[in-house]
2 protein chains.
Amino acid sequence: MAATIRDIKERTGLSLATISKYLNGGNVLPENREKIKEAIVELNYQVNEMARSLVTSQSKTIGVVVFDIANVFAGILLRHIGEKLRASGYAAMFCDSMNDPGLEKENIRFLLNKKVDGLLVIPVEETSDFLEPAFNENVPVVLMDRSIKDPRLACIKVDNHAASEEAIRILSDYGHRKIAIIGSTLIPTGRERFEGCIKVLRERRIEIPEEYVKLGQHSIEHGYRSMQELLALPEPPTAVFMGNFEIILGAVMAVNESSFEYPRDISLIGFDDLLISNLSNPRLWLAVQPMQEMAWKAADLLISNIRLIREGQDPVRSEIKLPVKIIPGSSIAHVSENK
Amino acid sequence: MAATIRDIKERTGLSLATISKYLNGGNVLPENREKIKEAIVELNYQVNEMARSLVTSQSKTIGVVVFDIANVFAGILLRHIGEKLRASGYAAMFCDSMNDPGLEKENIRFLLNKKVDGLLVIPVEETSDFLEPAFNENVPVVLMDRSIKDPRLACIKVDNHAASEEAIRILSDYGHRKIAIIGSTLIPTGRERFEGCIKVLRERRIEIPEEYVKLGQHSIEHGYRSMQELLALPEPPTAVFMGNFEIILGAVMAVNESSFEYPRDISLIGFDDLLISNLSNPRLWLAVQPMQEMAWKAADLLISNIRLIREGQDPVRSEIKLPVKIIPGSSIAHVSENK
DNA sequence: TTACAAAGGCGAAACGTTTCGCTCTGTTTA
DNA sequence: TAAACAGAGCGAAACGTTTCGCCTTTGTAA
């Protein structure tokens, strides 16, 4: 049905080798170049990527495995990944791990069978066992957002620790000493953020009572409930650090429903930009992650590692931590002495 | 490097044909079956899908094109699509159209070149021109959520019109006659919902002043601003219909920040479930879409059409409208006579 | 014991490219 | 003027499967 390179051969009288050379950008006499061009148009010829893949053993396809595809953070990352890969001629095959390590492992196998040239992963699992098949088949892997300790892995992430240190420092500089944290230690990024907070609180000798620490899921629900509980305390905090997008959403919802007003009664600073940055009123102080940069760097690194491996060289296994920018808002108030 | 079917041949003394038969579930003597199984394990053999694709001319890959991959609605649909395709041995290649018709058109071409077996599309464009290349190459297409008038297309969507009719009827049954609508006529689903509302309002002879109609983007921002404006009117509405998830998010945010309380001062009903359903307090009345059913039906239909085409039969081009369920909440109050 | 059918196995061709090593032609260099 | 060389083209092999038509074996019924 579809035209092949052989049909072009018939039509132009040239050899397969020459036509292939043309298709791959090699040197061909101007005269023949024209002939081939013409034949391609007339026959509506399209390269059969399957055949090409078979012989080059490159599928020009990247497997993308995300912890939760319905998550906004993941979605935005996916957008930028797709963009970048596409520009380099790669297609993206996605698999959703649904926060399930078992499924994640299956995803890797599935994609490896589909002969992806490389893997881009935002992992659920915290050890690298599930990536063993990829290592065995010499398929390069680049992690995003969440790193795993393994010398065979490269990772592009964000400096969560430094950013949350900075956030707490800001609250403290405004005079706050009753600081609560709503976050999660269930995932690595959450832990890093939490540890950053704690470090500065220790440094500045700010006590943090147990009831000011709200650790749970990175979910709207956790943000909402935690904020409600904090506001209901006999001695509520004067400032709250909110560990991610969903938590912010829930927590701000809770504040708005309550009799508290921010920043008058409570100061807020949060992690992740995404949608709400220019919407909430008053504007929130936010630690915003360089989503596009993270995605692009990861895609670039993966593609370059694929090339390196093909050329027999060693791939680059660096862990890169991108800086997080803190954007000022109007959600933090100075604390008067007596508070 | 990697083991091939030939290595298994060497090891077992069987022919390629027999081994292939085994791999594809054909009948093989128990004795040989064991031999092959053993060899596969020892050699760590994996079928090379590229070679298989070349000869069967099936890539076992579906192209999925979404209007905006960072959109929560799209994300949830993607999750269910991936799930279903996966279970049938198909991989999903995603492309993000970023709400850009030009990019959408490119996406189709790109995926067709990658030799996908079929296309699943939530379209940006409202005419089918951009799908012409798929029709030419006889690649089946199933639309989701948003239909396009073209006899060559199948579509699985939701009965937006009926659902919003129902929603307005409920508000009206509670006695409301000052009903505002925040929605969008920029996309087909938005228009269907809007028309459903209008139909019932007409039927029941409920006047709808211009300032009660807020049409814009399906965005948090539009919901937020519109609700603010509605509440600031000299004669604000007693009830508001909110056209989608993002609008609900923004609108509820605006209500919570205001001095209004729902349902006391204003009644609310919204379209789309997604995240907030069991969170907002008081609970919202919501029209929830059967996301999983929509995704699964679409994937099933596409796969079955792929089979039909391969067998030389005509694919099924139906447009299926799934019913939307309205889930009661506590966000609607009765209106007293004098209002 | 023969005949026959069914089951299982086999060799070879096919799928549509890329690539290696060779040849030919014409031009530059010493 | 001969030697060296670059540019362009070619034929054939290779990539790793599936599948077609044919052959062999085995078991069963007549």
Side-chain angles (χ1 to χ4, degrees), chain A residues 1-37 39-40 43-61 89 112-117 137-138 307 310-312, chain B residues 1-37 39-40 43-61 89 112-117 137 307 310-311:
Chain A
M1 184 82 215
T4 78
I5 216 178
R6 277 208 163 70
D7 299 320
I8 300 190
K9 171 187 158 131
E10 299 306 325
R11 206 170 179 100
T12 59
L14 296 165
S15 76
L16 296 184
T18 306
I19 300 166
S20 173
K21 198 195 269 182
Y22 167 85
L23 289 174
N24 294 287
N27 273 335
V28 173
L29 284 185
E31 183 196 336
N32 293 333
R33 179 177 296 277
E34 280 316 308
K35 273 199 219 161
I36 298 178
K37 248 189 213 163
I40 287 181
L43 296 169
N44 188 26
Y45 168 80
Q46 320 253 30
V47 177
N48 183 326
E49 297 280 349
M50 292 169 180
R52 176 179 278 176
S53 293
L54 177 58
V55 46
T56 60
S57 61
Q58 282 194 81
S59 63
K60 282 287 183 175
T61 294
L112 251 19
N113 277 346
K114 292 282 177 188
K115 295 292 171 212
V116 294
D117 294 339
E137 299 184 21
N138 215 20
R307 213 200 47 239
R310 203 172 55 247
E311 292 172 355
Chain B
M1 183 84 214
T4 77
I5 215 177
R6 280 209 162 69
D7 298 321
I8 301 191
K9 172 188 158 128
E10 300 306 325
R11 205 169 179 101
T12 58
L14 296 166
S15 76
L16 297 184
T18 306
I19 299 166
S20 173
K21 198 194 271 183
Y22 166 86
L23 290 174
N24 295 286
N27 275 334
V28 173
L29 283 187
E31 184 196 335
N32 294 332
R33 178 176 298 274
E34 281 316 309
K35 272 199 219 161
I36 297 178
K37 247 189 215 160
I40 287 182
L43 296 169
N44 188 27
Y45 168 79
Q46 319 256 26
V47 177
N48 183 326
E49 296 280 349
M50 291 170 182
R52 176 179 276 177
S53 292
L54 176 59
V55 48
T56 60
S57 62
Q58 281 194 82
S59 63
K60 280 286 182 178
T61 294
L112 251 18
N113 278 345
K114 292 284 177 187
K115 296 290 170 214
V116 294
D117 294 340
E137 299 183 22
R307 213 199 50 237
R310 203 170 57 246
E311 292 172 353

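These values consider heavy atoms only, across backbone and side chains, with no hydrogens, waters or symmetry-generated copies.
Residue B:Leu14 has its side chain nearest to C:dC10 when only D:dT17, C:dC10, D:dC15 are considered. The side chain of B:Val47 has D:dT17 as its nearest neighbour among D:dT17, C:dC20, D:dC15. The side chain of B:Ile5 sits closest to D:dT18 out of C:dC10, C:dT18, D:dT18. Of the candidates D:dC15, C:dG11, D:dT17, the closest approach to any side-chain atom of B:Ser15 belongs to C:dG11.
Of the residues near DNA chain C, B:Lys21 and B:Ala51, the one whose nearest nucleotide (by heavy atom distance) lies more toward the 5' end is B:Lys21. With the nearest nucleotide of DNA chain D identified for both B:Asn24 and A:Val55, A:Val55 has the one nearer the 5' end. Along DNA chain C, the nucleotide nearest to B:Pro30 and the one nearest to B:Leu54 differ in position, and the one closer to the 5' end is contacted by B:Pro30.
The side chain of A:Asn32 contributes no N or O atom lying less than 4.0 Å from OP1 or OP2 of D:dA8. Note on B:Thr4: every side-chain N or O is 4.0 Å or more away from OP1 and OP2 of D:dG16. Considering only side-chain N and O atoms, A:Thr18 lies nowhere under 4.0 angstrom from the phosphate OP1 or OP2 of D:dG9. OP1 or OP2 of D:dA8 has at least one side-chain nitrogen or oxygen of A:Asn27 nearer than 4.0 Å. Residue A:Tyr45 places at least one side-chain N or O closer than 4.0 Å to OP1 or OP2 of C:dT17.
For CD of A:Glu31, the number of neighbouring non-hydrogen atoms (other residues, nucleotides, ligands) closer than 6.0 Å is 12 at most.
Rounded to a whole Å, the CG atom of A:Leu16 is 14 Å from the P atom of C:dT19. Going from atom NZ of B:Lys114 over to atom P of C:dG16 covers 19 Å, rounded to whole Å. What separates NZ of B:Lys60 from C1' of D:dT17 is a distance of 15 Å, to the nearest Å. Computed from coordinates, the B:Ile40 CD1 to D:dT17 P distance equals 10 Å when rounded to whole Å. Atom C1' of nucleotide D:dG16 and atom NZ of B:Lys9 are separated by 13 Å, given to the nearest angstrom. Rounded to an integer number of Å, the gap from A:Leu23 CG to C:dT18 P is 6 Å. What separates CG of B:Leu29 from P of D:dT24 is a distance of 17 Å, to the nearest Å. When rounded to the nearest whole Å, the span between CG of A:Asn48 and P of D:dG16 equals 17 Å.
A:Tyr45 has its side chain within reach of A:Leu23: a pair of non-hydrogen atoms, C-beta onward, lies under 4.5 Å apart. Within the 4.5 Å cutoff, the side chain of A:Val47 has no heavy atoms near those of the B:Asn113 side chain.
The CG atom of A:Leu14 sits 4.5 Å away from atom CG of A:Asn32, with the distance rounded to the nearest 0.5 Å. Here the OG1 atom belonging to B:Thr61 is positioned 5.0 Å from the NZ atom belonging to A:Lys114, to the nearest 0.5 angstrom.
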